[in-house]
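Remarks on the structure that follows.
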Amino acid sequence: MNAQGNRRRLVALWFVGASLRTTLLALPPLLPVIGKSYRLAPASLAALANLPVVLLALSAVAAGAVSAAMGAQRAVLVGLVLVAAGGAARGFAGSAPSLFVLTAAMGLGIAVAQTGLPTLAAEWFPQKVGLATAVYGNGIMVAEAAAAGLTLPLFSLFGGSFRLIFAFWSLPVLLGIFLTGGGRRAALSPGRVPKRPRRPVWRDGRTWALGMTQAVGSATYFAANALLPGYLSATGHKADLLTALTVLNAAQLPASVMFLAASERMMRPGAVVGFGTACVAALGVTPYASGPLLILATGIAGFSSAIVLLGSLALAPVLGGADEAAQLSGGMFALAYSLSFLAPVAGGLLWQASGIPSLSFLPPVAVGVLGVSVMAGVLGRQIRAQRASVPPGMGT
């Protein structure tokens, strides 16, 4: 493919990455308004906000099988159609049950598209997997910041209509569909028939190495976002909350740029383990810090967790090749998102049982320590074994 075609594919990957987060993160700022409109209790609102993340964990294995069966490009397109339709239609749900159903459809679409994306990146750029991953990873992180930061200003601009907001954030998804090949059947690359089972093989060390690697980054990120508001309020440091959360999330953007500029170096086992150690250490320091030290810790946690996440996404097609990338990605997402959801919940329960706010950080830190141990002991060995057994063509 010529240079223009490669640029178009990179732009498509960026918009696919952005499409996985715009509709998802437009919801949290609007929860008070939605709760009032649909008369939802706080517990129901929490369930609505976490439903897509739970679905990402529960449906990742099935999404990997779908991606392997359909081919990565078709799977990404099908997933994006669900994201666009479910995300926009939420605004016109006539009842709370229909709102949950449409949100679930959107979450399933994210799961299918996200699981197929590492394989698509490898198929389109077999010699530059790290670069392709960095591009769509940057799309993910820019979309996270944009949706979280612009939703409330847009809400005011659109006359206080959350329905228009949901429709607006589906527009980038439509562009992602168009650029990836929607409506041009002849442009779709044929689906590959995997040589091995489509479901994750849990005895496969690669599944655990990748899953625990992503869990380190994801558990740190989700736990910090989930636990910091309650912890800082309970300990009298509520004034630091806005700055801490802003720095935590904003630090992911320069991390994605750094990964984009030096993807080959960032995918090395030593770099991934090093950044994994840094984000776990930063999360562990957070409950004992305040003021500038707290802001520094959250910044390190946000930056390092982004590098680890991008590294795990890029390494899935490297370790699995085109035949097994979807299978490995399904197992990786199932393991990582399950731990990322359960760790903050366990932290909240531990705080409730003990009455000690700082203990809420213990479960996610424990997940991080375990993940770094697996990364250090298994990841490098798996990468070296893959390089030794696979001919050149899927290198980092």
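Using modelled atom types and a 3.5 Å distance limit, the side chains of Tyr337 and Gln114 yield a donor-acceptor pair. Side-chain polar atoms of Ser98 and Ser95 form a donor-acceptor pair below 3.5 angstrom.
For Phe168 and Phe158, the gap between ring centers is short of 6.0 Å. Ring centroid separation for the pair Phe361 and Tyr231 comes in under the 6.0 Å cut-off.
Residues Val33 and Phe155 are in side-chain contact: their nearest non-hydrogen atoms beyond the backbone lie under 4.5 Å apart. Within the 4.5 Å cutoff, no side-chain heavy atoms of Thr220 are placed close to those of Pro364. Counting heavy atoms from C-beta outward, Leu359 and Ile356 have side chains that approach closer than 4.5 Å. Using a 4.5 Å cut-off on side-chain heavy atoms (C-beta onward), Phe125 and Asn6 make contact. Looking at heavy atoms from C-beta onward, Ile110 lies in side-chain contact with Arg21 at the 4.5 angstrom threshold. For the pair Val112 and Met70, the minimum side-chain heavy-atom distance is 4.5 Å or more. Residues Thr115 and Met332 are not in side-chain contact: their nearest non-hydrogen atoms beyond the backbone lie 4.5 Å or more apart.
For Asn249 (side chain) and Leu245 (main-chain N/O), a donor-acceptor pair under 3.5 Å exists by modelled atom type.
Residue Trp351 places its CH2 atom among more than 12 non-hydrogen atoms of other residues, nucleotides or ligands, all under 6.0 Å distant.
Side-chain heavy atoms closer than 4.5 Å link hydrophobic residues (I, L, V, M, F, W, Y) into clusters, and following such links, even through other members, never connects Leu350 to Leu228.
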